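Comments concern the structure below.
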Amino acid sequence: MSFNPPPIASELCGASRPGHFSGVMTVVAKLFNLIQPNVAVFGKKDFQQLFIIKKLINQFNFPVEVIAGETVREPGGLAMSSRNSKLSVAEKTQAVQLHLALKEVMQAVKLKPTSLTTQDIATVEKTANKSLTDKGWQVDYISMRSAITLKPALSGLGNLIVLGAATLNKTRLIDNIEFCAKPLN
């Protein structure tokens, strides 16, 4: 049994990991069929995966309530992950830069949400990407999206999420920040 994921599965993490989300959907569907849970908890750190699992549940009418677990962070802001164990002490300190780059994107959007265009958002994303690249990262993406649809943000307003994936030396890390940008009165 395998599943055809929604189009978002070929973007963001899916762009560099073809077939990954089809595999995730297959494993989760088999697990749901075997266990038949009432509730399943998936972390927000992998927001795209959480989004796709919610689509799977809706598409196949699984009677499962999804609870989105908040991202747990280390004291410096690094999102906790089993991959962090692959980082040296120096790399752990440097790894916080991914979260800081996402925060910079969020702050830039919040600064003038009503006047941002898609071109402005692309420029902010590109600046964050360059900042990380200049510090030795290999960036997969920095992307501002609707937190509701995961489609690219068309403005700086609404429920938004900035997502990022980048490799520090040999360790690929992902992170995101959800926020709501409203016009200033």
Side-chain angles (χ1 to χ4, degrees), residues 2-29 31-32 39-73 79 81 98-99 101-129 132 139-166 172-184:
S2 64
F3 296 89
N4 293 322
I8 189 65
S10 62
E11 300 175 29
L12 303 169
C13 282
S16 62
R17 302 174 79 192
H20 171 71
F21 290 113
S22 178
V24 167
M25 290 176 73
T26 301
V27 168
V28 170
L31 182 67
F32 286 171
V39 175
V41 179
F42 291 92
K44 286 184 177 183
K45 184 172 93 47
D46 194 334
F47 195 88
Q48 183 179 16
Q49 178 175 282
L50 173 64
F51 184 87
I52 289 169
I53 289 169
K54 287 179 178 179
K55 292 286 187 195
L56 170 76
I57 289 168
N58 287 337
Q59 182 180 1
F60 292 97
N61 298 312
F62 285 113
V64 179
E65 175 190 359
V66 170
I67 297 175
E70 294 298 326
T71 301
V72 179
R73 297 188 180 278
S81 169
L98 175 59
H99 183 65
L102 299 179
K103 276 179 127 174
E104 288 174 13
V105 172
M106 178 188 71
Q107 294 300 343
V109 170
K110 281 185 155 187
L111 210 56
K112 50 182 184 174
T114 55
S115 61
L116 284 179
T117 65
T118 54
Q119 182 62 40
D120 296 329
I121 292 168
T123 299
V124 170
E125 293 167 342
K126 191 175 185 180
T127 300
N129 187 321
L132 285 173
V139 179
D140 285 352
Y141 62 85
I142 302 286
S143 185
M144 177 69 61
R145 301 285 176 126
S146 160
I148 309 300
T149 65
L150 268 189
K151 291 182 180 176
L154 300 176
S155 75
L157 296 172
N159 294 323
L160 302 171
I161 185 166
V162 57
L163 306 105
R172 186 176 187 272
L173 301 172
I174 61 172
D175 201 350
N176 65 72
I177 301 173
E178 286 181 271
F179 64 100
C180 183
K182 298 178 182 176
L184 301 172

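All values below come from the heavy atoms of this structure, side chains included, with hydrogens, waters and symmetry mates left out. Just so it is clear, the model here is predicted, and its values are computed rather than measured.
Across all their heavy atoms, P5 and F21 have their closest contact at CG-C, 4.2 Å. Minimum interatomic distance between E70 and K44 (heavy atoms only, all atoms of both residues): OE2-NZ, 2.9 Å. Across all non-hydrogen atoms, the minimal contact from C180 to K110 is O-CE, 4.2 Å. Scanning both residues, S143 and L12, for their nearest heavy atoms gives CB-CD2, 3.7 Å. The two residues L132 and L98 make their nearest non-hydrogen contact at CD1-CD1, 3.8 Å. In this structure, T118 and A153 approach most closely via the heavy-atom pair CG2-O, 3.8 Å.
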Exercise. Could you please spell out the steps behind the side-chain contact (heavy atoms from CB on, under 4.5 Å) verdict for L150 and I161?
Key: CA-CA 8 Å; L150 268 189; I161 185 166; 4.1 Å; yes
Practice problem: Output, in order, the C-alpha distance, side-chain angles, deciding distance and verdict of side-chain contact (heavy atoms from CB on, under 4.5 Å) for I57 and E65. | Solution: CA-CA 9 Å; I57 289 168; E65 175 190 359; over 6 Å; no
Practice problem: Tell me, with the steps shown, if Q107 and L111 meet side-chain contact (heavy atoms from CB on, under 4.5 Å). | Solution: CA-CA 6 Å; Q107 294 300 343; L111 210 56; over 6 Å; no
Self-check item: Derivation of the side chain to side chain donor-acceptor pair (under 3.5 Å) call for D120 and T123
Solution: CA-CA 5 Å; D120 296 329; T123 299; 5.5 Å; no
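Side-chain contact check for Q48 versus I52: some heavy-atom pair is nearer than 4.5 Å. Here the side chains of F42 and V28 are in contact, with some heavy-atom distance below 4.5 Å. With a 4.5 Å cut-off on side-chain heavy atoms, Q49 and H20 count as touching. Two residues are said to be in side-chain contact when any heavy atoms from C-beta on lie closer than 4.5 Å; K54 and L56 fail this criterion. Counting only heavy atoms from C-beta outward, the side chains of M106 and L102 never approach each other to under 4.5 Å.
Of the candidates V109, V124, I142, D175, V162 forms a side chain to side chain contact (heavy atoms under 4.5 Å, CB included) with just one, namely I142.
Note that CZ of R17 and OG of S22 are 13.0 Å apart. Values are rounded to the nearest 0.5 Å. Atom OG1 of residue T127 and atom CD of residue E104 lie 9.5 Å apart, to the nearest 0.5 angstrom. The OG1 atom of T26 sits 12.5 Å away from the CG atom of L31 when rounded to the nearest 0.5 Å. Note that CG of L163 and CZ of F47 are 7.0 Å apart. Values are rounded to the nearest 0.5 Å. From K45, atom NZ reaches atom CZ of R73 across 9.5 Å, with rounding to the nearest 0.5 Å. Taking CG of N176 as the start and CZ of R145 as the end, the distance is 12.5 Å to the nearest 0.5 Å.
Using a 4.0 Å cut-off between charged nitrogen and carboxylate oxygen, D140 and R172 count as a salt-bridge pair.
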